[in-house]
**Q** 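Can you keep this structure in mind? I'll have questions shortly.
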Amino acid sequence: MDLLEYQVKEWFTEIGIPVLPSQRVDHPTDLKRLKINYPIVLKSQVYAGERAKAGGVRFVETTIDAIAAARSIFNLPILGQLPEVLLAEAKYETEQEFYLAVVLDTAVCRPVLLGCTEADDINWELADEKMQYVVVEQEFSPFYARRLALKMGLQGALMQSISTVVEKMYQLFVEKDLDLVEINPLGVSSSGQVMALNGNVSVNERAIGRHPEIAETTTKIVNRYTSSETVRNLGDWDVVEMHGKIAILGNGAGLIMATLDLVVNSGGKPGVCLNLRHASVTETSPDTFKSRLDKALRNMATDKSIQVILINFLGSISQGTEVSEVIADFVESGASEPQSFLPSRSNGGKNRRENFPRLVVRLAGSEFDKARKHLAALKTPSDTSIVVVEDLDEGVAEAVRLARSTAYRRF
Amino acid sequence: MDLLEYQVKEWFTEIGIPVLPSQRVDHPTDLKRLKINYPIVLKSQVYAGERAKAGGVRFVETTIDAIAAARSIFNLPILGQLPEVLLAEAKYETEQEFYLAVVLDTAVCRPVLLGCTEADDINWELADEKMQYVVVEQEFSPFYARRLALKMGLQGALMQSISTVVEKMYQLFVEKDLDLVEINPLGVSSSGQVMALNGNVSVNERAIGRHPEIAETTTKIVNRYTSSETVRNLGDWDVVEMHGKIAILGNGAGLIMATLDLVVNSGGKPGVCLNLRHASVTETSPDTFKSRLDKALRNMATDKSIQVILINFLGSISQGTEVSEVIADFVESGASEPQSFLPSRSNGGKNRRENFPRLVVRLAGSEFDKARKHLAALKTPSDTSIVVVEDLDEGVAEAVRLARSTAYRRF
Amino acid sequence: MNLTPYSKVLIQGFSEYITANHVAQMKANGTNLVAGVNPGCGGQQIYGLPVFDLVEEVVEQFGEIDTTIICVHPYQVLDAALEAIASNIHQLIIISPGVPPLDMVELLRKAEAKETLIVGPNSPGIIIPGKILLGTQPSEFYTPGTVGILSRSTTLTYEIARELTHAGLGQSISVSIGSDAIVGSSFLQWLQILDEDEATKVIVLVGQPGGDREEAAARYIAEAIDKPVVAYIAGTQAPPVKHWRQTGTLAAVIGRDPDFGTAKNKLAALSFARVPVAERPSQIPELVKKALK
Amino acid sequence: MNLTPYSKVLIQGFSEYITANHVAQMKANGTNLVAGVNPGCGGQQIYGLPVFDLVEEVVEQFGEIDTTIICVHPYQVLDAALEAIASNIHQLIIISPGVPPLDMVELLRKAEAKETLIVGPNSPGIIIPGKILLGTQPSEFYTPGTVGILSRSTTLTYEIARELTHAGLGQSISVSIGSDAIVGSSFLQWLQILDEDEATKVIVLVGQPGGDREEAAARYIAEAIDKPVVAYIAGTQAPPVKHWRQTGTLAAVIGRDPDFGTAKNKLAALSFARVPVAERPSQIPELVKKALK
């Protein structure tokens with residue numbers, strides 16, 4: 001989960017990484033109360049790396065120009081995002097620009113320090129020649145940072161000031177449980193002073209629960225990559241967003257992906273694919289498998305493009321025996337109280353029964369013996385029965401067949 | 001270096017150790033703006049452990065009583081200290097009281113967790129039977145705290161809440177580079193809630209340089225154990241304060257102590273003993289051996305009880321060759337400009353020459369060959385020569401003899 | 001590795017990641033579960049196991065413990081694991097998902113120094129059908145035999161065991177190294193163990209998108225593994241993840257290979273190593289039979 | 001211990017704790033000083049030594065380094081020491097005084113795991129007169145012989161060497177373990193080394209108030225040391241330190257022995273162990289001669 005530049009720079013300031021004097025601009029008229037001297041640079045606070053090329057970064061010399069520029073940046077969408085905030089920052093004369101990063105490398109299971117004496121427009125194709133790195137094998141100590149600076153070909157005072165910045169980046173990385181902290185570019189002035197001109201920070205989502213201060217900053221960010229309301233409603237769940245007719249629910253990411261592949265390879269089109277996992281992962285969502293299943297079904301029913309829900313459960317679920325109850329409740333509430341799971345989008349008078357998605361339920365394992373019998377006996381609101389199978393290939397074939405044959409269109 | 005209770009409780013609050021609502025009282029009338037509900041307890045903020053017995057802790061039920069009690073506490077010296085501040089705190093009903101501490105054990109070179117289910121009036125003679133401890137052998141992890149709580153005989157929820165407090169104490173201990181953090185007593189209410197009712201924190205003096213926020217808090221504290229102005233002027237130097245006529249200056253604590261012993265065993269009385277060390281230790285005082293020697297001599301000359309200064313240098317001093325220059329400067333400035341080293345106490349018209357202390361300089365090592373010759377040729381303002389020797393026993397004998405024979409009294 | 005039925009096993013933490021059923025299955029499968037540790041619950045019985053507050057109390061009472069199964073809250077995994085290591089336990093199986101990666105980095109540094117095997121986190125553990133079950137793998141899908149399954153999934157692993165069992169192909173062992181971004185033991189370590197394991201005749205490697213573990217395994221198979229290997233990669237049709245950072249490895253940063261972490265990349269590496277790849281789980285038994293000929 | 005003149009020695013840091021004179025003395029005494037490390041000064045020459053930015057560069061150029069002498073700022077000692085350990089240097093002599101104690105705790109945990117000898121901090125190091133000088137001990141007070149000096153002081157150690165030399169008693173080795181509250185190697189370790197050292201016939205133990213190192217040494221001498229030991233404790237007339245916390249050991253907390261850390265306590269322990277104690281430095285040669293008979 002990434003932060004915006006102005007948030008990153010607040011963190012840099014706290015930890016002691018040098019940044020330019022800057023000011024957050026929520027509205028163009030804020031520039032009348034600017035405390036920084038002109039010339040300044042105005043930067044759109046969006047997540048796109050390409051914002052400079054897109055016109056999201058402007059140099060201005062006077063208040064009048066600044067307000068005009070701010071108005072146009074506020075109205076300039078970059079990769080689909082309109083900025084809520086701009087950052088006004090002093091201008092800085094650089095002689096050199098570097099790239100610095102600390103990233104968690106999941107292959108070597110260690111943080112890695114990265115540095116390059118090119119910046120901004122790094123040619124990533126050729127970067128493996130120019131990019132230097134140091135694996136932080138044991139507990140970090142400043143000599144790892146010096147090792148990086150030397151590998152970058154630096155020496156003397158500059159070697160030391162760069163390694164000091166890397167040290168502080170690492171400190172931030174550990175303190176805040178980050179996946180990445182990046183300075184790009186780090187400006188070096190003719191006198192050898194260094195300045196973090198732009199920075200990225202990516203917070204590890206699993207560690208946010210132990211950083212209440214970060215959780216606050218990031219709640220807004222969670223949903224920015226999702227387009228459908230169904231998926232947005234599921235918050236930080238484990239979702240693959242696709243746009244076909246067959247929704248897939250399962251326990252386990254690998255199994256969901258295998259199911260998705262099978263659907264595609266059998267000529268079907270998967271819709272939202274949702275991993276209910278085996279147990280709840282984070283403290284921030286202290287839910288149960290049962291409650292996740294219930295919420296997932298009700299959410300999917302609001303998505304009119306979904307015609308079939310393929311449920312694939314196997315193995316050990318802490319509340320396995322209750323799966324059939326949740327599905328039965330879902331089916332019954334769909335029959336009797338159509339509003340209950342369609343709070344906002346329901347168009348009241350319509351007969352929801354015909355619009356109820358078909359259900360294919362694949363349950364493997366003795367834990368589900370009862371559930372299978374129970375479900376096979378149920379009828380959905382559209383008066384069709386629930387398809388209950390034990391074999392995965394068979395379940396997929398049924399789902400694809402049903403999606404193809406459903407004569408009705410859900411509205 | 002210890003903090004006062006109210007400072008300790010500020011730290012406890014920051015780190016998440018439960019403390020009662022409290023308010024700092026700088027003046028009795030502050031109690032009119034009290035935000036805590038009565039009954040309250042007023043506590044003298046002094047460093048003495050015995051303040052309750054001495055009357056420095058009073059329970060009060062009304063504002064009138066509180067102001068009267070505050071007035072009397074502000075005027076009650078405890079072990080010679082008058083409080084600058086009181087702490088007003090809510091009252092707490094405890095069912096049990098515990099002692100908890102984290103202390104650095106220099107014998108095992110590890111932090112040690114301490115816990116006892118008695119508190120306040122611990123009978124330290126018998127404490128080794130009741131006091132439980134856990135050595136934090138490897139990097140701390142909460143299981144060390146649980147181990148302590150179990151050793152204390154606790155179980156269930158109380159075991160866990162106590163170990164949580166110990167965890168936070170350890171976190172504070174490491175974050176702030178402490179020698180000791182102590183909660184005494186930790187109150188446990190009938191519902192099992194825990195509360196740090198009083199606490200001690202001892203900051204490691206060598207690490208303060210990397211904690212600017214602590215340095216600020218502690219600057220006031222530095223000199224509270226020293227009585228003489230001479231010693232106070234030397235700030236955080238390595239000083240043993242005694243009250244005889246022979247001041248001792250040396251390089252190295254062990255050597256100073258050996259010299260002190262020799263002086264006593266030869267019938268002399270040591271005065272201030274000062275270790276100039278070999279090199280500067282902390283960043284906060286970026287000085288040189290030469291400047292320390294100069295400052296030490298000028299300070300000692302202001303102390304009228306000092307009749308002989310015994311200087312004992314041996315081995316390697318980075319500025320060994322300059323030692324004679326500094327001593328010569330000192331002697332000369334004493335002769336020509338008496339005011340220069342007696343800024344405040346000088347009584348102008350007097351002839352300082354007669355009051356100049358005798359100097360015995362013991363220099364061992366070829367590094368001092370030149371210095372010895374140079375010094376032997378000098379005359380002090382009182383027209384006596386400087387005694388220069390190579391042998392320690394001889395130097396001590398000379399100093400003791402001179403202290404005995406000096407007919408004059410310095411004013 | 002000590003995976004004999006006589007080795008002593010401990011459970012740390014009784015969260016929702018482990019149920020009465022899991023514990024019963026472990027016992028039924030011959031695992032010598034001696035106790036549980038759950039701070040604050042010392043003296044109780046949970047799922048028929050005596051419960052202690054500290055690991056060292058268990059060691060004191062039962063002697064050296066070989067394996068611990070860690071099911072505590074993800075944020076307490078590091079502490080539980082360090083406690084186990086301090087009590088000289090050399091095999092740790094971490095069931096809990098979602099351990100903060102930097103906690104894992106710290107744990108792995110310590111584990112390497114102490115020569116401790118870490119399986120997981122986010123792993124259902126290890127099963128040797130008919131002999132021992134260390135974790136939450138459902139034994140009902142397994143049957144003793146000669147196929148070694150190596151995976152980083154949970155339910156997908158069971159799916160494949162089920163297909164093999166239905167086709168009459170028993171398993172010698174099944175290990176999931178865990179599906180978190182940072183896990184202890186690697187495919188490479190287990191490929192080597194299975195290559196040396198006498199009971200194993202053929203290895204089934206199960207992969208999925210993300211990281212480059214399968215690519216590394218493919219290279220290692222070509223170089224060092226003598227036994228036949230059959231692979232299956234899930235997610236060939238899944239849309240790519242949006243950020244290279246989520247798969248955050250150095251290879252993903254340097255070069256920024258657009259295919260890094262994709263199923264496509266993994267299939268290419270396996271094909272280059274001449275490892276036959278099944279198109280669907282149900283095709284695996286067929287390939288295994290071919291490999292065994 | 002590798003204290004031969006052929007062992008390769010490095011200096012980390014050129015602060016005020018080490019001077020041109022010290023470096024010259026080390027060279028003159030046979031120490032094979034190969035290089036210095038001072039970040040930011042790579043490529044320069046300091047006191048006639050080639051200077052590098054990193055320890056690993058020195059190892060690359062000169063091969064394995066046996067001993068490093070650390071003279072960096074006290075707050076950088078931990079980093080310098082960890083860098084040395086990461087470069088497989090197994091003997092570290094820390095000259096710098098005033099290292100924060102918790103840095104030392106961290107370093108010692110690491111050093112123990114890596115079987116690294118740490119002498120100091122706040123130590124002038126080791127001298128074997130006529131053979132090698134590792135640190136800042138002034139060789140002019142020493143002469144080769146059979147007396148091993150073991151101390152935690154700096155100048156007091158030289159004072160005693162000087163007395164011995166003047167009395168015609170040469171030294172086999174002189175070690176100061178350092179005068180900071182927390183130091184690496186202990187009196188016990190060195191007593192054992194000197195007890196086994198063929199060149200040493202008698203050991204002079206030099207103590208001072210604070211902590212309980214001398215008491216522990218006295219107990220160890222009574223139990224395990226065969227060679228004669230003579231002791232001297234400075235500070236018998238010094239006023240007691242005001243706070244038990246400054247000597248902060250567990251023994252000082254539990255029991256709160258009012259005599260803990262005092263010279264009196266140390267003298268009692270030595271007397272109990274039947275170790276003869278000199279009243280002044282100049283009396284040591286006499287006791288040594290008696291012990292040698």
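Keep in mind the model is a prediction, meaning the values are calculated, not measured. Per chain, numbering begins at 1; letters A, B, ... match sequence-line order.
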**Q** To the nearest 0.5 Å, tell me how far D/Ile182 CD1 sits from B/Arg206 CZ.
**A** 11.0 Å
**Q** How long is the straight-line distance from CZ of D/Arg162 back to CD of B/Glu390, given to the nearest 0.5 Å?
**A** 5.5 Å
**Q** Go through D/Ile18, D/Asp180, D/Thr157 and name the one with the most non-hydrogen pairs under 4.5 angstrom from chain B.
**A** D/Asp180
**Q** Atom CG in B/Asp391, atom NE2 in D/His166: separation rounded to 0.5 Å?
**A** 8.0 Å
**Q** If you round to the nearest 0.5 Å, how far is CG of D/Asn21 from OG of B/Ser366?
**A** 8.0 Å
**Q** Looking at D/Thr155 and B/Leu255, would you say the former's side chain and the latter's main chain have a donor-acceptor pair under 3.5 Å?
**A** no
**Q** With a sphere of 6.0 Å drawn around NZ of B/Lys151, does it hold more than 12 non-hydrogen atoms of other residues, nucleotides or ligands?
**A** yes
**Q** Before you tell me yes or no, could you show the steps for D/Glu159 and B/Arg362 under salt bridge (Lys or Arg N to Asp or Glu O under 4.0 Å), namely the whole-Å CA-CA distance, both residues' side-chain angles and the distance that decides it to 0.1 Å?
**A** CA-CA 12 Å; D/Glu159 184 76 51; B/Arg362 186 271 176 134; 2.5 Å; yes
**Q** Using non-hydrogen atoms and a 4.5 Å limit, figure out which bit of D/Ser179 sits close to chain B: side chain, backbone, both or neither.
**A** neither
**Q** Just give me the residue among D/Val206, D/Leu156, D/Val183, D/Ile160 that pairs up with chain B most often, heavy atom to heavy atom, under 4.5 Å.
**A** D/Leu156
**Q** Atom CG of B/Asn275 and atom OG1 of D/Thr154: how far apart are they, to the nearest 0.5 Å?
**A** 7.5 Å
**Q** Report the residue from B/Val174, B/Leu104, B/Val108 that forms a side-chain contact (heavy atoms from CB on, under 4.5 Å) with D/Val105.
**A** B/Leu104
**Q** Hey, which of B/Gly365, B/Pro270, B/Cys273 has the most heavy atom pairs under 4.5 Å with chain D?
**A** B/Gly365
**Q** With only heavy atoms counted, which part of D/Glu106 is less than 4.5 Å from chain B, the side chain, the backbone, both or neither?
**A** neither
**Q** Around atom CD of B/Glu175, are there more than 12 heavy atoms of other residues, nucleotides or ligands at under 6.0 Å?
**A** yes
**Q** For B/Ala364 and D/Phe141, work out which heavy atoms get closest and say how close.
**A** O-CZ, 3.6 Å
**Q** Can you confirm whether B/Asp261 sits close enough to D/Arg280 that some side-chain heavy atom of one is under 4.5 Å from a side-chain heavy atom of the other?
**A** no
**Q** Check this for me: does any side-chain nitrogen of one of D/Asp103 and B/Arg210 sit under 4.0 Å from a carboxylate oxygen of the other?
**A** yes
**Q** I need the residue from B/Ile256, B/Asn204, B/Val263, B/Leu178 with the largest number of non-hydrogen atom pairs under 4.5 Å to chain D.
**A** B/Asn204
**Q** So how far is it from B/Asp179 CG to D/Leu102 CG, rounded to the nearest 0.5 Å?
**A** 8.0 Å
**Q** If you define the side chain from C-beta out and look only at heavy atoms, does anything of B/Arg110 sit under 4.5 Å from D/Arg109?
**A** yes
**Q** Is the shortest heavy-atom distance from the side chain of B/Met242 to the side chain of D/Gln237 under 4.5 Å?
**A** no
**Q** Identify the two heavy atoms, one from B/Gly254 and one from D/Ser153, that lie closest to each other, and give their separation to 0.1 Å.
**A** CA-OG, 4.1 Å
